[in-house]
There are 2 protein chains.
Amino acid sequence: MQEKYIKPLLNHFESRGAVLSDTHNEIIGAAFQYRKLRKNQYILQAGDVARYETYVLKGLLRTYLVDEKGQEHIMKFSIEDWWAGDLYSYYTNKPTSYNIDCLEETEVLQIAREDLEKLQTEIPGLNHYYQLLYRNSVIAFNKRVAASLCNTATERYIEFIERYPEIDQRVPNHQIASYLGIAPASLSRIRGQYFRSGR
Amino acid sequence: MQEKYIKPLLNHFESRGAVLSDTHNEIIGAAFQYRKLRKNQYILQAGDVARYETYVLKGLLRTYLVDEKGQEHIMKFSIEDWWAGDLYSYYTNKPTSYNIDCLEETEVLQIAREDLEKLQTEIPGLNHYYQLLYRNSVIAFNKRVAASLCNTATERYIEFIERYPEIDQRVPNHQIASYLGIAPASLSRIRGQYFRSGR
DNA sequence: AAATTTCGTTAACCTATGTTAATTTTGAAG
DNA sequence: CTTCAAAATTAACATAGGTTAACGAAATTT
């Protein structure tokens, strides 16, 4: 793989405390595959087994569910320097319930489970990285569940645009509504009130 | 610590793939502290720093938030062989937003962060355990967020009692309502409909 | 630029859930 | 066993948010 593709991921690991030799860097570069994806392209569809975890180099991915009534519910947006995937399917080889697709033209690095496990054996520092990643993910999910229990849709919307202004700029409002668990028309109503009353 | 207190935790680690020598077992036993707690006793209060992660030997803990209007929202129940704590506060030393108290007389094992970190250095197998623990926790949170986006209160209630029949037996309904994010009167209504229509 | 599709807004109406309060049931403590 | 407190139920009413549909504005495609 070209250096320019793997470099951001190496930086990512190092900025989270991993200490990587040149050999390590080569091993990592060999384990990940670079892919360039078109807008609207799927990287995972419900029913598939998630064979890869995906690191976003550029672009924007969306992870969503389709319920029995056919409605889409967005679980997560993944922008540059974030991950996307379904850990459940990845580690059990069972079919995923999630769909992941590109909201923009997107470039990613992907790693298969076998390769990730080998990587973690060969580079113990990465073990620490993944423990930290999952731990922080647990902390973030705690906040998200807490918000859904404690806050109104209006409060959750304000929190969202303050916390993820960049995503707010890049995705249409009806997708933000879906992420917040409300109908597009409801978000419109909320925005109307919020902006009318002086932001 | 007495063997009978540490044994369940050692079994817990081994059942998740850790291979532990006698020396390891002793190190672990020395790192955890046993505590017996009365019903209603707090093990963590909002504003405190979470100095311990807690493994439940016996009893039942509840983790909850109090919002600005003074309402309680239950985030989690922890029964035998589960953990309780606030990872955010534990790892940052910042004050927690959560309260954890005992719904029953409860016995626990607790470990301070410094001791846990030492443990993970001395027993690499535990590193793998914690990565697995957090990863599974992420998977569980994904399901919980998915349910809150896709399912009605009725569906979430049915799922809860099917998945956690034991907790359902041990905690009052208004606490289950709080966990589900609905008012006690609403849960009553839901139960009325559900049981009347033949379960 | 025109045409077409997607998106956002608004309004009318509907439904699930919240709120409060009264009443009954259950459970704990003396 | 009795008493008292906590929990559950029920009903009346209030409200946030859902649904649908119509319309106008953007954005994309041709």
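Residue numbers start from 1 in every chain, and the chains themselves are labelled A, B, ... in the order their sequence lines are given, proteins ahead of strands.
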Residue pair A:Ile27, A:Lys118: steps toward the side-chain contact (heavy atoms from CB on, under 4.5 Å) verdict: CA-CA 10 Å; A:Ile27 297 173; A:Lys118 204 161 61 163; over 6 Å; no
Geometric class of the A:Tyr129/A:His12 ring pair [parallel <30°, tilted 30-60°, perpendicular >60°]: perpendicular
Rounded distance in Å - CG (B:Leu187) to C1' (D:dA8): 10 Å
Contact nearer the 5' end of DNA chain C, comparing B:Lys39 with B:Gly181: B:Gly181
Atom-pair distance (CD1 on A:Ile190; P on D:dG18), nearest Å: 8 Å
Nearest-nucleotide pick for A:Ile182, side chain only, options being D:dG18, C:dT9, C:dT19: D:dG18
Distance, rounded to the nearest Å, where A:Leu149 contributes CG and C:dT17 contributes C1': 15 Å
Atom-pair distance (CZ on B:Arg196; P on D:dT10), nearest Å: 6 Å
Under-4.0 Å side-chain N/O to phosphate OP1/OP2 contact, B:Ser188 with D:dT9: yes
base_contact_polar (C:dG8 base, A:Arg189 side chain, donor-acceptor, <3.5 Å): no
Nucleotide C:dA28, atom C1' - distance to CD of B:Glu105 in whole Å: 16 Å
Nucleotide nearest B:Pro172 when distance is taken to its side chain, options D:dT20, D:dA7, D:dG17: D:dA7
Mutual orientation of the aromatic rings belonging to B:Tyr194 and B:Tyr157 [parallel < 30°, tilted 30-60°, perpendicular > 60°]: perpendicular
Presence of salt bridge, A:Arg170 and A:Glu104, under 4.0 angstrom: yes
Sugar-phosphate, base or nothing in reach of B:Ala185, heavy atoms under 4.0 Å: base
Within 45° cone of A:Tyr179 ring axis and under 6.0 Å: A:Arg144 NZ or CZ: yes
Side-chain N or O of B:His174 closer than 4.0 Å to phosphate OP1/OP2 of D:dA6: no
Whole-Å gap separating C1' (D:dT28) and CG (A:Asn40): 12 Å
Residue A:Ala183, side-chain atoms from C-beta onward, closest of C:dT17, D:dG18, D:dT10: D:dG18
Distance in angstrom units between A:Asp67 CG and D:dG18 C1', rounded: 13 Å
Length of the OH-P vector between B:Tyr157 and C:dA16, whole Å: 19 Å
Distance test, side-chain N/O of A:Asn173 to OP1/OP2 of C:dC7, below 4.0 Å: no
